[in-house]
**Student:** 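Below are the structure tokens for one structure; questions will follow.
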Amino acid sequence: MNIFATLKSRIDAAIGELVAEGALPEGLDLSRVSAEPPRETSHGDVATNAAMVLAKPTGKNPKELATLFAARFKKMPDVTDVSVAGPGFINIKLDDRIWRDGLRDVLVEGTAYGDGQAGQGEKINVEYVSANPTGPMHVGHARGAVVGDALARLLAKAGFAVTKEYYINDAGGQVDNVARALRMRYLQTLGKITEVDVQGALERKEIQYGGDYLIPVAEALAARDADKWASVEDEAVWIPALRDFTVAYMMKLVKEDLLALGVHHDVFSSEKALVEAGKVDGALVFLESEGLTYTGVLEPPKGKTPDDWEPRPQLLFKATEFGDEVDRPVKKSNGTWTYFAGDIAYHKDKVDRGFTNLVNVWGADHGGYVKRVQAALKALSNGKGKLDVQLCQMVRVLNNGEPVKMSKRAGTFVTMRDLIEEVGKDVVRFIMLTRKNDAPLDFDYAKVMEKSRENPVFYVQYAHARGRSVFRHAAEMFPTADLSDGGLAKADFARLVDPDEIGVLRTLANWPRTIEGAAFAHEPHRLAFYMYELASQFHGLWNKGNDAAELRFLQPADQSVSVARLALVRGVGLVIASGLTVFGVEPVEEMR
RNA sequence: GACCCCGUAGCUCAGCUGGAUAGAGCACUCGCCUUCUAAGCGAGAUGUCGCAGGUUCGACUCCUGCCGGGGUCGCCA
């Protein structure tokens, strides 16, 4: 149970009593009343702003109200002292027993500790990665993959019913372009043209994709179909065939990369399938029936006008009615659907599948696209759908401060695979979550492998490993003791008296709040900072034992205190493990 | 020109969806250390929270306007 939530409900109840007694007016809104840990621990264990928030609605001055509340709060269970401070804060001191009881909760609930019901089982759809099946994934995709995956796990932990989804852009111009590039590589594989021809076509912009990664795809095609496509000149015939071949091949690579990163999606939605099922037409018919589309001519883009710009009528969606700057085209002037039209259909499909709460994780270069999709979602869902787009900023890959040279295989970027092979999936995942996703991130190979306090992955993992190490020693020292979680839960927690031990217990008690806050804000990185803080406190305790032997966790002559401290160590380990699990990172048992 | 994101200690960044004297790590200064696993520990010092207004009991947090950095800007995905 969350201590702060408990206190909040007791505070609400106490205020309710005062209302019932006529000391306060009825109908007070208590939603803004908080019960939080004060920043300064010397202020107490829990602080509430009740008096300040309710001063105006009750027509009393905050100090006076605080005094009234304080007298009442003193009668609440486990409260040892209540004081009024500053402009009207009420500081509540609790019996240390509260924190010790909190530790028991951790041990009993295990890694499920902190699981919330905040989401109340609400369906939520998290779409992430959605990389085009046109080439290998790069570091930017890795960031999006990790952020999306961690966010999805976090939301699940907070009690949402999460669907993790990937949108495959397997229709439209880009996949046709990749098919064209594949044909060149295919002809090269067959010996009909040379590398020079391919590079020439690239320079003349006849093809857009020049990376070596298409060569094995071409070889696979030649292995399957021999020279069957060399003599087919009709684009309408060979493009679909080569396109589907590439898309299938690339999606296989994408899934292998995601597997290597430990990322798993529940649903892969195909743009092509939406088109073929008539869902793009369907979505547009729907918007038309709502009077939300029309044929019009857009203003030329501001700033530098493209050379070939000319006014042309096209089918537009009335995005401006839903907060966008301009109405957006859903059909190109040649009559085919725009990418946006497909996305409208895709989001309608999500709505039709029962999702009104959507999160999309995109690269920051798609920032200009957010408003129109949000507008479309509102139009498609009768205003009920809400879409939060988390934009991931650039990742700079460095080694000792020097930019890492680009992968030859891909051409112009560091691939996700390079990254994983260099430092391992767990390090990639953790480091990607040590920054807000809307802040740029430097990923330095040397720094993330460093074994020091500066490196959060190491520091947190080391805390976990140290905890496990203590247990290995304990098993030898106290062979008859029950060191299972259930056994530890029966320890005599009254033996935990050191202020720093209580400090760790307080931090553990904050875990459920942290989960809830991070889930609500869609900010998984908060857990990284929490874990770092907890690890720091734990290492601090350990170090105290170095200086003062009586403070070591294991006291050979005193099994009772040892077991109590082991319970604390285990509690820290469990919370770190559950945090790492949200991150998709394996907690390590030892660091040899 | 418009829109989005960012601007917090010398550096890299937190700041719990408005709360009390704005916090960590690094670097710096001083002291300690060979261990329940070594990849250190403790203490000290460091700020016009980009600037200017506004909202309120209270603003790093919300609003407006500037300044600076990045991103994006018809029929590309």
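Order of the sequence lines sets the chain letters (A, B, ...), proteins ahead of strands, with each chain counted from 1.
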**Student:** Can you tell me if A:Phe520 has over 12 outside heavy atoms packed within less than 6.0 Å of its CZ?
**Tutor:** no
**Student:** If you take any heavy atom closer than 4.0 Å to RNA chain B, which residues from residues 516-526 of chain A end up in contact?
**Tutor:** A:Phe520, A:His525, A:Arg526
**Student:** Taking the side chain of A:Arg453 as its heavy atoms from C-beta onward, which of B:C41, B:A20, B:C16 lies nearest to it?
**Tutor:** B:C41
**Student:** Quick one: on RNA chain B, does A:Tyr339 or A:Arg552 contact a more 5' nucleotide (nearest heavy atom)?
**Tutor:** A:Arg552
**Student:** Check residues 335-343 of chain A and write down every donor-acceptor pair under 3.5 Å in which the side-chain atom is one partner and the other belongs to a residue at least two apart or another chain.
**Tutor:**
{"unit_1": "A:Thr336", "atom_1": "OG1", "unit_2": "A:Asn334", "atom_2": "OD1", "d": "2.8"}
{"unit_1": "A:Thr338", "atom_1": "OG1", "unit_2": "A:Pro329", "atom_2": "O", "d": "3.1"}
{"unit_1": "A:Thr338", "atom_1": "OG1", "unit_2": "A:Val330", "atom_2": "O", "d": "3.3"}
{"unit_1": "A:Thr338", "atom_1": "OG1", "unit_2": "A:Phe340", "atom_2": "N", "d": "3.4"}
{"unit_1": "A:Thr338", "atom_1": "OG1", "unit_2": "A:Ala341", "atom_2": "N", "d": "3.2"}
{"unit_1": "A:Tyr339", "atom_1": "OH", "unit_2": "A:Asn169", "atom_2": "ND2", "d": "3.2"}
{"unit_1": "A:Asp343", "atom_1": "OD2", "unit_2": "A:Tyr369", "atom_2": "OH", "d": "3.4"}

**Student:** Is there a donor on the side chain of A:Arg312 or the base of B:C75 sitting less than 3.5 Å from an acceptor on the other?
**Tutor:** yes
**Student:** Does the pair A:Arg565/A:Glu501 count as a salt bridge with the N-to-O cut at 4.0 Å?
**Tutor:** yes
**Student:** With a 4.0 Å limit, can you tell me whether A:Lys436 has a side-chain N or O closer than that to the phosphate oxygens OP1/OP2 of B:G15?
**Tutor:** yes
**Student:** Any ion pair linking A:Lys447 and A:Asp442 (charged N to carboxylate O, less than 4.0 Å)?
**Tutor:** no
**Student:** A cation-pi test, strictly: NZ or CZ of A:Arg468 under 6.0 Å from the centre of the six-membered ring of A:Phe471 and no more than 45 degrees from its axis. Yes or no?
**Tutor:** yes
**Student:** Between residues 564-571 of chain A and RNA chain B, which residues have a heavy-atom gap below 4.0 Å?
**Tutor:** none
**Student:** Between B:A2, B:A14, B:A20, spot the one nearest the side chain of A:Asn91, thanks.
**Tutor:** B:A20
**Student:** A:Ser469 side chain N/O closer than 4.0 Å to the phosphate oxygens (OP1, OP2) of B:U37?
**Tutor:** yes
**Student:** Grab the two heavy atoms, one from A:Ala171 and one from A:Val275, that are nearest each other, plus how far apart they are.
**Tutor:** CB-CG2, 4.5 Å
**Student:** Of all the nucleotides listed (B:A39, B:C13, B:A38), which has the minimum atom distance to the side chain of A:Trp542?
**Tutor:** B:A38
**Student:** Kindly say whether, by distance alone, the side chain of A:Asn177 makes a donor-acceptor pair under 3.5 Å with the base of B:A77?
**Tutor:** no
**Student:** Of the options B:C5, B:U37, B:G42, whose atoms approach the side-chain atoms of A:Tyr462 most closely?
**Tutor:** B:U37
**Student:** Return the stacking result for B:A20 and A:Phe89: yes when the ring centres lie under 5.5 Å apart and the planes under 30°, no otherwise.
**Tutor:** yes
**Student:** Could you please name the option among B:G40, B:A77, B:C3 that lies closest to any side-chain atom of A:Ser452?
**Tutor:** B:G40
**Student:** Given B:A77, B:G42, B:U37, which nucleotide is nearest the side-chain atoms of A:His473?
**Tutor:** B:U37
**Student:** Quick one: ring pair (Phe, Tyr, Trp, His ring centres under 6.0 Å) partners of A:Phe553, sequence neighbours excluded?
**Tutor:** A:Phe538
**Student:** OH of A:Tyr532 versus P of B:G23: gap in Å, rounded?
**Tutor:** 17 Å
**Student:** Can you list the stems that RNA chain B is part of, where a stem is at least 3 pairs in a row, each Watson-Crick or G-U, with both distances below 3.5 Å?
**Tutor:** B:1-7 with B:67-73, B:10-13 with B:23-26, B:28-32 with B:40-44, B:50-54 with B:62-66
**Student:** Does OP1 or OP2 of B:U37 have a side-chain N or O of A:Arg466 closer than 4.0 Å?
**Tutor:** no
**Student:** Is any N or O donor-acceptor pair between the side chain of A:Arg472 and the base of B:U37 shorter than 3.5 Å?
**Tutor:** yes
**Student:** Produce the list of close N/O pairs, under 3.5 Å, pairing protein atoms with atoms of nucleotides 55-65 of chain B; give distances to one decimal.
**Tutor:**
{"unit_1": "B:C57", "atom_1": "OP1", "unit_2": "A:Lys56", "atom_2": "NZ", "d": "2.9"}

**Student:** Between A:Ala85 and A:Ala439, just flag the one whose closest nucleotide in RNA chain B comes earlier from the 5' side.
**Tutor:** A:Ala439
**Student:** Which nucleotide in the list B:G71, B:A39, B:G74 gets nearest to the side chain of A:Asp365?
**Tutor:** B:G71
